[in-house]
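The structure appears below as structure tokens.
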Amino acid sequence: MASAHKNIVILISGSGSNMAVIARAAEKEAWRSRWGVQVAAVISNKPEAAGLELAKGLGIATAVVPHTSYESREAFDAELMAQIDRHAPALVVLAGFMRILTPGFVQHYAGRLINIHPSLLPAFTGLNTHQRAIDAGCTVAGCTVHQVTAELDHGPTLAQAVVPILQGDTAAALAARVLTQEHLIYPQAVRAFFERAA
Ligand code: GRF
């Protein structure tokens with residue numbers, strides 16, 4: 001059946017809230033009947049990721065490729081690619097997937113690999129984006145959906161959303177405010193990817 005569908009494979013490491021909003025949008029907006037698009041699988045590098053149970057509850061196949069079991073990034077990425085490619089994906093979605101990918105992996109999925117990053121790229125690539133934005137005295141923060149290229153947190157922007165940074169904000173408060181926007185723009189960006197392809 002895989003060839004009859006445009007499969008999405010979503011990679012997670014944690015709570016999987018972005019994964020869940022994409023999967024729910026796919027159901028609610030009937031992506032399968034409109035474009036033949038379905039979320040085929042959710043794969044985590046962490047066995048304890050809460051998002052795995054969330055995915056099962058949504059009726060999505062899950063798999064775990066624990067990065068700690070591999071002696072190199074290349075060996076881990078090779079197994080990850082093997083698991084992903086079982087679903088012949090039209091699109092691979094990184095949703096809180098906290099691993100740096102090898103150039104070979106990125107090349108393999110060139111043009112069909114996207115990520116969401118909790119900053120207004122090109123500002124604040126990498127980790128601890130919210131605290132760094134507060135410390136820098138920024139008055140706004142946000143999130144970016146982008147195509148993944150070999151350089152970490154670079155690649156063409158597909159969507160962005162902006163939120164204010166408020167007086168006395170903590171990183172946690174700002175992260176929560178940004179996450180509400182991630183949940184809006186990520187499903188929209190995935191949908192737009194398939195609308196463009198249709
Ligand atoms: C999101 O803020 C994402 O941008 C960041 O990690 C968080 C993942 O949240 N990289 P979730 O797993 O989608 O709930």
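In each ligand, atom 1 is the first atom listed, and ligand 1 is the first ligand listed.
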Side chain to side chain contact (heavy atoms under 4.5 Å, CB included) with His146: of Ile116, Ile114, Asp153, only one passes, and it is Asp153
Would you mind telling me which of Leu158, Asn18, Leu121 makes a side chain to side chain contact (heavy atoms under 4.5 Å, CB included) with Val145?
Leu158
Scan for salt bridge (Lys or Arg N to Asp or Glu O under 4.0 Å) pairs involving residues 171-197, sequence neighbours excluded, and state none if there are none.
Glu29-Arg191, Asp169-Arg177
Any atoms of ligand 1 less than 4.0 Å from a non-hydrogen atom of [X]? List them with their elements.
X      : answer
Gly16  : 11 (P), 12 (O), 13 (O), 14 (O)
Ile116 : 4 (O)
Pro118 : 4 (O), 10 (N)

So do Trp31 and Ile22 actually touch side chain to side chain, heavy atoms under 4.5 Å?
yes
Determine whether Val37 and Val190 make a side-chain contact, defined as any pair of heavy atoms from C-beta on separated by less than 4.5 Å.
no
Could you establish whether Ile12 and ligand 1 come within less than 4.0 Å of each other, counting only heavy atoms on the residue side?
no
Nitrogen or oxygen of Asn18 less than 3.5 angstrom from that of ligand 1:
yes
Are His183 and Ser17 linked by a side-chain donor-acceptor pair shorter than 3.5 Å?
yes
Nearest-contact summary for atom 6 (O) of ligand 1 - protein heavy atom, Å:
Gly96 CA, 3.8 Å
Of the choices His183, His130, Glu182, which has the non-hydrogen atom that lies closest to atom 2 (O) of ligand 1?
Glu182
